[in-house]
Structure formats: structure tokens, C-alpha cells
Peer 1: 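Quick one: this structure, given as C-alpha cells, is what I'll be asking you about.
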Amino acid sequence: MPRPFYLESREMNLFAEIKTLVLENLNVLVTEGVLPAGLNYANVAVEPPRDALHGDMATNAAMVLAKPAKMKPRDIADALAVKLAEDPRILSADVAGPGFLNLRLDPVLWFDIVTDALSKGADFGRSNMGEGRKINVEFVSVNPTGPLHVGHTRGAVFGDALAGLLDFAGYNVTREYYINDGGAQVDVLARSAYERYREANGLEPEIVEGLYPGDYLIPVGEALKEKYGDSLIDQPESVWLEDLREFSTEMMMDLIRSDLKLLGVTMDVFFSEKSLYGTGKIEAALANLDAKGLIYEGVLPPPKGKLPDGWEAREQTLFKSTEHGDDVDRPIKKSDGGWTYFAPDIAYHYDKIERGFDELIDVLGADHGGYVKRMKAAVSALSDGKIPLDIKLCQLVRLYKNGKPFKMSKRAGTFVLLRDVVEQVGPDVTRFIMLTRKNDAPLDFDLAKALEQSKDNPVFYVQYAHARVNSVLKKAVEAGLKVDDETLANADLTLLAHPAELGLAQKLAEWPRLLETAAKTHEPHRIAFYLYELASEFHALQHLGKIEPEMRFIQPDKRAQSTARIALIRAVAVAIAAGLGILGVTPAKEMR
RNA sequence: GCACCCGUAGCUCAGCUGGAUAGAGCGCUGCCCUCCGAAGGCAGAGGUCACGCGUUCGAAUCGCGUCGGGUGCACCA
């Protein structure tokens, strides 16, 4: 059967396509004098109606334009309906309610998404939205003083999935980790490591209050013994502190890198805070701000309400962040003349800007909420408002086991390590579950449920759909059908007529659009939810075959129909694989 | 006291940046296997979208205010 002309080559975002059609016809109405010229179409939307009975798609054009055009919504809708109905893609256009225009599309249009999925494979849904713009996603950035724990895991997964999403949406993405190796916490690390070094030399370690007690420093102590023998024993701090800072930071970063690797996260850049000191970088960033008149010597007003204990007015070097949306100006130098932590942070972001990024994203823990405005102010000031900085805060992870709060009784503390979780449930499950909540909502992670093979476990449910398709493909081959993607891409999809099949195709058609929304809003969790819904529709269709045997995918005596149905479900598997791929989860070929 | 986040079904949460009768999972009720994976599916009950104003053709969604919960709040990173 020859394909209608309008299917030959086109952008596969059906929603965008129909919107274009609507806009074109609005212009026709303008040239015909029905509508006045100069209307703003910005608010015209083409969306799937909430209730499928209303049609395949709906547009609000008439209602949005009624006021500026000084016309009744229904008059516009009626005129537009006549025009749209002339297009071969539109089976019917009906005006409803206050002026909604409900469109019924040629079903072939929906099923064309199947062909698209099969021909694009893993790239199904890939978008050019980002137009190759350089975007920097900074995430994890945990102090190099120990291994990653569950809280960090969420940020790591979120950042990596967001980066994958942006890559898929056509951005040029850099994954980056900022190593806080310049502050006092590294001194603490060095001193803690020194005690472990003493321990390795057979002495009793004195891990006083304020030092890091964790076991993970024992190997550092041993490595130090390896390198220095006993030459540092009883030496003053001035002799070894600088070396141990460097040495133990290095080892901690190796530890962190290996933790990230367990999760499947790989960074493109590790940026050292230390590299900002003594290199003129901080000075350069502040000079930039100073040239804009944003640096001054002054005294901050006391906090409103209760004064903190011991508050006193001090003259400091301040950044006029209030000019860029912050609540108060922020100190960049302490009263003793040293930098505050904020100064290197400014310099770091200045460096990102200098490296030519068009957009910046910081993924932080929710406890950094107070930091958002000042950092945005800094980036706004440094880039003259040209480079947007989005800061995504990840809320806490609450760990459970069988519905009960779970705490690990580590000798050193009660926190649970990333390594412990990933080794128990695997990276795929960990990643997916971490993305089943919006980043700014707290997340419950149940270790027992994560391992469960049932629909209570969303990871399993999605994986199961993928595996089931695979299983059907195998059966089809046994039945003598050809099911390679090329054969399937040429299937006669007009044989798909059942409402459930159409519904599944419509769900598939949402994918390109959903992906762009997720990328635009920096919300990878939308993908996880979509995949769950898609899997759900697939499971329902599969089940239809149990109730109505003629709805089974494989019909032994109807090869063409079987091929069409297999093409449809193979497209589902392609979408699932593509979506999981973005999230960094491996699609399962079979469940065990 | 100030700032940010949150408040949607008994519980845990979505809600496509303003659309029509607000959705899903769990839990509860009742159904569906002579097998393409029941590791599943179908149906039912269950909601003043915290509250009040406002913006407009139209608000869970946007603005302001109130209440409730979380987080962070001067030279610490």
C-alpha cells in the first residue's frame, strides 16, 4: 500500500507538526481577512486532551486569540475547523466547550511513530533542542575526606541522568566534579591520616574529637608507611602536613572515583579548588566584579530578629550580590584578610564561564539552599546576565528495609555508604529508584523492595515489559516470522486497528515531546514516570491476548498482522531502551 | 525574625510550565491463567488539590496573604 505523501519525511514530533499546521491555517485566516493581522501566537498550544474521547489532539487557539482579535472564541474556532478539516491528516475537527478545537487524526499518523522508533533505535527521540550549546553539569563535588554515602548517591544519579538527558536533547555536555581540596577540612583529613600512619607503625592512634574516625583511612595510613617508613613519626605538623594533605586527598579521590564507577558515573572534569589559590584566579574573578562596581568595603547589617550570640559589626570586603537578586550582600574576605569560602566559589564559576559554557547547572544537597541566591547572583554579575545558572537541590534519601527505617551500625558512625547499597541492589535498581521522585521531594529507598521482583518495584516493572517484548520476539522467530528491525519498519501498520493498539502508539508519540520537556525543565524523573506508564500500557495490551486470543501478538495464520503487532511492541522496547539508556540503566533482555 | 523547598485519595507521590469530569502505585473490595512470562491484567470504593483573596474565557498550576511541615541562615566549608 502506498504511503500518503505526508508521511514521506517529516519531523516526528506529531504535536509540533500539528501545531505548525494550526499556525499555518491561522495565517491563512489572516490573509483572508477573517482574523486581524499581528496576532501573537505564543500561547497557542496543541496538546492531547485529558480525555481521549474528546479526540486525538486539541488546540486552544480560538480562546487564546479571541480577546486580542476582538472576536468570539467560537467564531474563530469554526473558521479554523473548516480550514483544518481540509488537510488530509485531519479526519475531523470539532468545536467543543468554550472554544476548544478537537482534532481527530488519521490513525496512520500515530502508527508512523512506530516506523520512526524502529529506524532510529537507540536514538529514538533524540532532539536537537540544545543546538550543541555547551552546558556544564557540576554534581557530587563531595569533600574529598571519605567515601560516598547514600545521600551523595542521589545527587550522583540525578546529575548523571540529567547530563545524559541533556546530551540526548542536543547539548554538548560536560560532567564536572569540584574538589574542595583547599579548605580546613583537608587539614583535618591530613591529621586523621597521620594518626592512621602512626597506627600502621605500631603506635596507638589518637583519634581525638574532630578528626575523621572512619576505617577507610586505615589503608591511607598503611600507604603512608609504605612511602615514608617511620620517618614522620614524632615529627611536627609543619614537616608533614602539606604532604599528607596532598597524599590523602589523592587517595580519597581514588576512593570516590571508584564509588562513582560502581554506580556507572564517569566525570569529564575534576576541578581542584586548590588550583584557584596562588594562581591569580580568585583575584581575576573579583577584579571582574570590582570593575562593575560590585565590590566594596563595608559592614553588614545585623540579621533581622534575634541577634546571634556574639554578633558584632565588622568591616569586610563585600560583594554587592543584592544587585543581582540576593537578600544581603556577601562577604568575600574575612576581617583578617583571608578569603571566605565564597571567594573561590566565585572564581570557580568564573572559570566555567571563561571556558565558554553557555549554560551552567549545579546539583547540590538540599542543605545548600541558602547558597543558591548568592551563587546565581555571582554568575549573573560575572556574565552580565548572559549565562544562566540553574541550581538543582536534591532532597534527603530515607533508607528503609521492609518498611522500617534502616541504619547501618558502622563502628565509625551510622551513615550508609553508596558502596553498601550498590553492592546489595545493583547500579541499575539504585539509579532508577533514585529517579522515581522529583529532585526536590524527599525519597524513600526501601532496600527490600528494591530487590523485589514484582510490580511494587517500578524498576522491575519497566524491565519486565522490555524482557517480555524480547520474549515475544523469540517466539515469533520460532513461529517462522522475520522480526529484524528493518523488516518490522516496513510492516503494514494499517493492520493495527484496535483501540488499545492505537493507545499504545499514542503513548509512544509522546516520547519525543516528553523528552524535550524533561530537558527544558532539567527534570530527569519525568522519564522514569513515562517509562512506567508506557510499560503499563504495554502490559495491558499483552494481557488482552489472554482474554481475546485474536489479540495475541503472534497470529500463526496472519503473518502480516503479526508483523505489524510485533513492530508496535518492538517500538515500545526501543523507547524503553532509549529512556533507560538516558537514565543510565541497562535494559534487561530477560528476567531471572 | 528572614530566605528557599514542600502541603493533591488512608499512605507514598505524579500532574505534560493556565485547559474540559484532578491521575498512578501501595492498602482495601470483587473478578481474570487449557500458559506469546499471572513476576501480570480488569473493575470498584476513596479527594473542599492546606485556607483566603486576586489575575482571566478558564487556576492544583500564576500573584499576594495566612496556617502547617522541612532546610539554611554573619569573618565555617
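Chain letters run A, B, ... following the sequence lines, proteins first, then strands; residues in each count from 1.
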Peer 1: Is the distance between the ring centroids of A:F158 and A:H525 under 6.0 Å?
Peer 2: no
Peer 1: Is it possible for you to check whether A:R330 lies under 6.0 Å from the centre of the six-membered ring of A:F342, through NZ or CZ, and within 45° of that ring's axis?
Peer 2: no
Peer 1: If the P atom of B:G70 is compared with that of B:U12, how far apart are they to the nearest Å?
Peer 2: 14 Å
Peer 1: From CE of A:M63 over to C1' of B:G19, roughly how many Å is that when rounded to an integer?
Peer 2: 6 Å
Peer 1: May I ask you to evaluate whether A:K546 reaches the phosphate of B:G40, defined as a side-chain N or O under 4.0 Å from OP1 or OP2?
Peer 2: no
Peer 1: Please name the nucleotide paired to B:C64 by Watson-Crick or G-U wobble geometry with both distances under 3.5 Å, or report none.
Peer 2: B:G52
Peer 1: Taking the same atom, P, in B:A9 and in B:G18, what whole-Å distance lies between them?
Peer 2: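 Approximately 23 Å lies between the P atom of B:A9 and that of B:G18.
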Peer 1: What nucleotide among B:C36, B:G41, B:U12 has an atom nearest to a side-chain atom of A:A540?
Peer 2: B:G41
Peer 1: What is the distance, rounded to the nearest whole Å, between atom OH of A:Y400 and atom P of B:C11?
Peer 2: 14 Å
Peer 1: Please work out which of the three classes, parallel, tilted or perpendicular, describes the rings of A:H149 and A:H152, given edges at 30° and 60°.
Peer 2: tilted
Peer 1: For B:C36, does either OP1 or OP2 sit under 4.0 Å from a side-chain N or O belonging to A:R552?
Peer 2: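 Result: yes.
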Peer 1: Any side-chain N or O of A:K438 under 4.0 Å from OP1/OP2 of B:C5?
Peer 2: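 Indeed not, no polar side-chain atom of A:K438 lies that close.
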Peer 1: Using the rule for Phe, Tyr, His and the six-membered ring of Trp, do A:F100 and B:A20 stack at under 5.5 Å and under 30°?
Peer 2: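 A:F100 ring centre within cut-off of B:A20 base, planes near parallel; stacks.
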Peer 1: Quick one: is B:C16 close enough that its OP1 or OP2 comes under 4.0 Å of any side-chain N or O from A:H525?
Peer 2: no
Peer 1: Should B:C33 be called syn or anti, with syn set as within 90° of 0?
Peer 2: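 B:C33: syn glycosidic orientation.
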Peer 1: For A:F553, answer base if it contacts any base atom (sugar-phosphate contacts may also be present), sugar-phosphate if it contacts only those atoms, and nothing otherwise; contact means non-hydrogen atoms under 4.0 Å.
Peer 2: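 The answer is base, as A:F553 lies within the cut-off (heavy atoms under 4.0 Å) of a base atom.
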Peer 1: With a cut-off of under 6.0 Å to the ring centre and 45° to the axis, is A:K449 in cation-pi contact with A:Y400?
Peer 2: no
Peer 1: Report yes if a side-chain nitrogen or oxygen of A:Y461 is closer than 4.0 Å to either non-bridging phosphate oxygen (OP1 or OP2) of B:G41; otherwise report no.
Peer 2: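 For B:G41, OP1 or OP2 has a side-chain N or O of A:Y461 closer than 4.0 Å.
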Peer 1: Taking the same atom, C1', in B:G10 and in B:U55, what whole-Å distance lies between them?
Peer 2: 36 Å
